[in-house]
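Have a look at the structure below before the remarks.
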Amino acid sequence: MSEPKKLFIKTYGCQMNVYDSERMAEALGGQGYVETKSADDADMILLNTCHIREKAAEKVYSELGRFKGLKADKPDLKIGVAGCVAQAEGEEIMRRQPLVDLVVGPQSYHRLPEMEAKTRAGEKALDTDFPEEDKFEKLKNRPKAKRGPTAFLTVQEGCDKFCAFCVVPYTRGAEVSRPADRIIREAQDLVERGVREITLLGQNVNAYHGAGPNGDMTLAGLIWELNKVDGLERIRFTTSHPNDMDDALIEAHGTCEKLMPYLHLPVQSGSDKILKRMNRSHTAESYLRLIERIREARPDILMSGDFIVGFPEETDEDFQATLDLVEEVKYGYAYSFKYSTRPGTPAAERPQVDAEVADERLQRLQALITRHQRVIQDSMVGKTVSVLFEKSGRQPGQMVGKSEYLHAVHVSDADLARGDLRKVRIKSSGANSLGGDVI
Ligand code: SAM
Ligand code: SF4
């Protein structure tokens with residue numbers, strides 16, 4: 001029997017890319033590939049890329065440059081670029097870096113096996129179409145191998161919102177939802193393979209409106225269906241847009257037992273002037289009222305968000321409004337970024353904020369967020385949380401898992417196994433995690 005070919009995938013960016021990489025590995029498994037953790041012994045290298053900020057896109061070219069030596073030693077090595085840089089730059093990637101054999105956009109992954117065959121025949125393969133067919137249906141089914149207790153599951157892709165800073169509507173295309181029955185089948189399959197927690201993914205996951213048995217189903221409807229799946233213990237979803245938080249979804253946070261008390265709800269800025277220029281179509285006030293309603297439904301919910309500082313024409317007053325909003329919400333986690341100009345987006349043409357000013361604002365915002373994060377994490381000490389254990393810790397006999405609020409929790413208990421879901425009393429709060437005992 002011939003040796004299986006080896007596939008090395010490096011994933012950049014969002015959780016959706018993590019999910020896509022798993023599916024690409026499965027699709028190429030059908031071509032005789034097994035995954036390897038090292039680029040050095042690979043027969044095919046795939047970079048699954050991110051285009052959201054300039055730095056992320058540039059990393060791809062420096063990484064590709066590093067593969068020159070590998071390709072010189074092994075001329076049969078195939079190098080591919082997938083993901084949003086592939087979609088945005090297409091053929092330009094092969095022009096800029098001729099060692100690239102294959103470029104595939106996020107909507108064409110089901111065509112990877114044919115593309116791989118083409119590269120084996122010595123040709124270059126490029127596909128950045130937005131085909132009509134559902135790529136997830138065409139991708140080989142997930143094989144039945146056992147897997148860890150948590151998994152991502154993409155339910156919705158693309159975006160029609162066109163925020164003025166964002167490339168997603170151009171790289172991932174129009175908003176499309178997968179039919180509910182396919183998602184439920186995939187969730188059941190994951191559970192049979194050992195998964196106990198599923199995170200539903202979408203660029204605007206709460207805009208989900210996939211076909212269901214009685215017309216379109218909302219995200220809340222889908223969550224309630226998944227709540228019935230035996231063996232599935234926890235449901236999460238990300239990322240949500242404030243304008244798509246409907247009443248049923250807010251209510252589900254208070255009533256659906258498997259839906260975890262954690263919500264990632266990006267606001268981007270606390271200034272109405274900036275929000276308007278970002279084309280966000282919500283105000284700081286409407287966002288705050290929304291959080292009030294969500295907290296009424298689920299008082300202990302841990303809020304998370306995204307912020308952009310230094311958006312074109314952001315003044316000190318605008319930035320102060322962002323700090324004020326953060327002070328009011330008190331996020332348990334939040335991700336903040338310096339505005340990055342993305343060619344082809346409306347904001348790229350506007351007067352830019354001085355880089356040093358933006359850097360200083362980013363530091364101030366991150367310091368405030370970290371302070372709140374720390375207070376919230378420390379407030380867990382003395383409480384009992386439920387923990388789904390995912391992997392061994394650094395110390396012998398130690399296991400690490402996530403609480404319902406997504407805090408990492410360490411427990412030293414030799415009887416614990418991966419996939420166990422236990423009540424844990426929190427005793428300590430460290431730099432980035434909690435410690436406790438199983439009760
Ligand atoms: N759909 C989600 C939403 O509207 O909140 C966000 C998806 S986007 C992949 C993730 C985050 O990247 C955004 O929330 C935003 O904070 C950040 N981001 C997007 N474009 C950016 C840019 N040009 N510069 C800096 N950060 C950006
Ligand atoms: Fe990008 Fe999110 Fe805005 Fe869509 S809603 S354009 S994904 S930031």
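Every number for a ligand or one of its atoms is a count from 1 in the order of the listing.
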What atoms of ligand 2 come within less than 4.0 Å of a heavy atom belonging to F165?
8 (S)
Quick check on ring pair (Phe, Tyr, Trp, His ring centres under 6.0 Å): which of F319, Y335, Y331, F165 does F307 satisfy it with?
Y331
Of the backbone atoms (N, CA, C, O) and the side-chain heavy atoms from C-beta on, which set of P169 has a member under 4.0 Å from an atom of ligand 2: side chain, backbone, both, or neither?
side chain
Suppose I only count heavy atoms of N204 and a 4.0 Å limit; which atoms of ligand 2 are within that range?
4 (Fe), 5 (S)
Give the numbers and elements of all ligand 2 atoms closer than 4.0 Å to a heavy atom of H241.
5 (S)
Decide whether D272 and T283 meet the rule of one side-chain donor and one side-chain acceptor closer than 3.5 Å.
no
Among all protein heavy atoms, pick out the one at the shortest distance from atom 6 (C) of ligand 1; state its residue, atom name and that distance to 0.1 Å.
T239 CG2, 4.2 Å
From atom 7 (C) of ligand 1, work out which of K338, R280, H51, Q203 has a heavy atom at the shortest distance.
Q203
Ligand 1 contact by K161, heavy-atom criterion under 4.0 angstrom:
no
List the closest protein heavy-atom neighbour of atom 24 (N) of ligand 1: residue, atom name, distance to the nearest 0.1 Å.
S340 N, 3.0 Å
Cationic tip of R53 above F337 ring, under 6.0 Å, 45° of axis
yes
Return the closest protein heavy atom for atom 20 (N) of ligand 1 as residue, atom name and distance.
F165 CD1, 3.3 Å
Taking the cut-offs as 6.0 angstrom to the six-membered ring centre and 45 degrees off its axis, would you call R23 and Y109 a cation-pi pair?
no
Modelled atom types, side-chain donor and acceptor of N17 and T11, under 3.5 Å
no
for atom 26 (N) of ligand 1, nearest protein heavy atom and its distance come out as R53 NH1, 3.2 Å
Atom 9 (C) of ligand 1 sits nearest the protein heavy atom I52 CD1, 3.5 Å
For atom 10 (C) of ligand 1, which protein heavy atom lies nearest, and how many Å away is it?
D306 OD2, 3.7 Å
Partner of T218 under side-chain contact (heavy atoms from CB on, under 4.5 Å), picked from D244, I223, D246, is D246
Residue portion contacting ligand 2 (non-hydrogen atoms closer than 4.0 Å) for C163
both
If the cut-off is 4.0 Å to any non-hydrogen atom of Q268, which atoms of ligand 1 fall inside it?
5 (O), 13 (C), 14 (O), 15 (C), 16 (O)
Taking only non-hydrogen atoms of F162 and a 4.0 Å limit, the atoms of ligand 2 in range are 6 (S)
Looking just at side-chain N and O atoms, do H241 and Q203 make a donor-acceptor pair shorter than 3.5 Å?
no
Do any N or O atoms from the side chain of H51 and from the backbone of T49 form a donor-acceptor pair under 3.5 angstrom?
no
